[in-house]
Amino acid sequence: MNVQKRGPLKGVIKVPGDKSISHRSVMFGALAQGTTEVTNFLQGADCLSTIRCFKQLGIEIENNQASDHVIVRGKGLHGLSKPTDILDVGNSGTTMRLISGILCGQRFESSLIGDESIQRRPMGRIMTPLSMMGADIKSLRDNGCAPLAINSTLDRKSTLSGIHYNSPVASAQIKSCVLLAGLYAEGETSVTEPSLSRNHTELMLSTFGATITSTGNTATILPNPNLLGQKLNVPGDISSAAYFIAAGLLVPGSEIVIKNVGINPTRDGILQVCKQMGADITLENIIDNGGEPVADLVVRSSELTATQVGGELIPTLIDEIPMIAVLACFAKGRTVIKDAAELKVKESNRIDVMVDNLTRMGADITATPDGMIINGGRPLHAATIDSKSDHRIAMSFAIAALLAEGDTTILKAECVDISYPNFYSDLKSLAK
Ligand code: S3P
C-alpha cells in the first residue's frame with residue numbers, strides 16, 4: 001500500500017463497532033439462555049475468529065455481514081459442547097484469553113492455537129490465576145505461549161474454586177478471563193489490578209444478569225448466574241476513531257466529524273492526551289448506549305504541544321500509543337511515554353516497531369524500557385514501513401504518511417482487516 005501527502009481532510013465518518021465489545025457480545029450471548037441480537041458488530045478478522053470458535057463449541061450464530069447484524073442462539077452457562085477440532089483464534093489475544101477462562105469451567109477437554117504472532121504472546125498471565133482456581137491448563141510447548149491444552153478437572157473435583165487475584169498488570173484480558181472462570185467457580189471470584197483497565201466485561205455481564213460489582217480497581221463476580229439473551233448495539237470503536245482524530249488534528253485545514261464513538265472513561269485516554277496537547281476536539285450528542293456512553297467527535301486541525309503520558313492513563317489508551325507517538329512527532333517539545341511496557345507484548349513489539357519505523361521517516365524518537373521519548377517538530381519524509389502485520393502499526397503509519405514528503409510504502413498493509421476492514425477506503429473518502 002502506498003500513501004502520499006494530502007491536503008485538508010473534510011467530512012463525516014462512522015468508524016466500525018468496538019472490537020472489545022463485539023467479542024464479548026458473542027461470548028456472553030453464547031453463555032446466555034435465549035437469543036442475543038447484536039447490531040453494529042465489527043466484521044474484523046479477530047471478531048470473526050470469536051464467532052468461528054463459538055460455532056465449534058456448538059453455538060448457532062448468524063452473521064449478516066452486509067448489515068453488521070449478528071444473532072447468537074445461546075445455550076446457557078452449561079450448554080457448550082466439546083469441539084471436534086483445535087480452536088483457532090487467529091491473531092486475537094482477546095479471543096484466546098477470554099475463551100480460556102470459559103473453557104476451564106467446562107466438563108470437556110479443548111485446545112487452542114492461533115497465528116505466529118499469538119504463539120509468541122504471553123499466556124502464563126492467564127495460566128497462573130486459572131491454575132490457582134484448580135484448572136488444568138498447559139502450554140503445549142512449555143514456553144508459556146499457545147498452543148494451549150485445557151483438561152477438564154471438573155469430573156474429579158466438582159467446580160473451580162473462587163479466588164482473589166491480585167493481577168500484576170492492568171489488563172482487561174486477564175481480568176475478564178478470571179471473571180469468566182469465576183462464573184463456574186465455587187464462591188466469589190475477584191480481581192484487583194494496579195490501575196483500572198477497560199470495564200466492558202463488568203458492564204456487559206451485569207446487563208446479561210450476572211452478579212458482578214466493581215469497587216476501585218477490584219471487580220467481583222458470583223458464580224452460576226442465569227444469564228439471559230440481550231439486544232445490544234455496539235458503539236463505534238474509539239481505538240479505530242483514534243486514526244481519524246490524529247489525521248484531523250495533524251493535516252492542516254481539516255475538519256472531521258466522527259459519529260457514534262464509544263467514550264467509556266476506561267477507554268477515553270486518547271481524548272485526554274489530545275486535550276493536554278492542545279487539540280480542538282468537541283464532543284456532541286453524548287448519549288448512554290446501554291451503559292456504554294457514545295458521542296460524535298468534531299475534530300479540527302490544531303497546533304499541538306508535547307505532553308507526558310503515563311500512570312493510570314496507560315490502560316485507558318494502550319492501543320492508541322502508536323498513534324500518540326505519531327502525534328508527538330508533530331507536537332512542539334519533548335513527549336515522554338512511560339509505564340507502557342505492555343506494548344512489547346501486543347500483536348508486535350510496539351515500542352521497537354514504532355521507534356524503528358518513525359526513525360526511518362526522520363523522527364527524533366528513542367525507545368525506553370517502558371515507552372519512548374519523542375522530540376517533536378522534525379518534518380517526516382516518506383519511507384518503507386514494515387507493519388509486522390500489526391493492524392495498529394499499519395494504520396498509524398497510513399496517517400503519518402499523510403504528513404510526509406514523498407511516497408510511503410506500508411508493507412503487509414492488509415493486516416488492517418483485523419480491526420478495520422474498510423480503513424483505507426474510509427480514509428480516502430475524507431481526502432477530496
Ligand atoms: C482488550 C484488552 C487490551 C487491548 C486489546 C483488547 C480487551 O489488552 O490491548 O486490544 O478486549 O479486553 P490487555 O488486556 O492485554 O491490555
query = Backbone N or O of A340 within a donor-acceptor pair of the D370 side chain at under 3.5 Å?
reply = no
ask   = In this structure, are over 12 heavy atoms from other groups packed under 6.0 Å from K338 atom NZ?
value =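 No, because the 6.0 Å sphere around NZ of K338 holds 12 heavy atoms or fewer from other groups.
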query = When you look at CG of D288, are more than 12 heavy atoms from neighbouring residues, nucleotides or ligands closer to it than 6.0 Å?
reply =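 More than 12 within 6.0 Å, yes.
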Compare all side-chain heavy atoms of [X] with those of [Y] and state whether any distance is below 4.5 angstrom.
X    : Y    : result
E255 : V298 : yes
S239 : R267 : yes
L402 : L9   : yes
Q65  : L48  : yes

task = Give the ring-plane orientation class for H78 versus Y184, where under 30° counts as parallel, over 60° as perpendicular and anything between as tilted.
result = perpendicular
Would you call [X] and [Y] a salt bridge, using N to O less than 4.0 angstrom?
X    : Y    : value
R198 : D319 : yes
E62  : R73  : yes
K388 : D386 : yes

For [X] and [Y], test the side chains for any donor-to-acceptor distance below 3.5 angstrom and give the result as yes or no.
X    : Y    : result
T384 : R360 : no
N40  : N233 : no
D88  : Q56  : no
T36  : Q230 : no
N264 : E292 : yes
R24  : S176 : yes
R125 : S167 : no

ask   = Would you say the ring centroid of Y243 lies under 6.0 angstrom from that of F397?
value =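 When the ring centroids of Y243 and F397 are compared, they turn out to be at least 6.0 Å apart.
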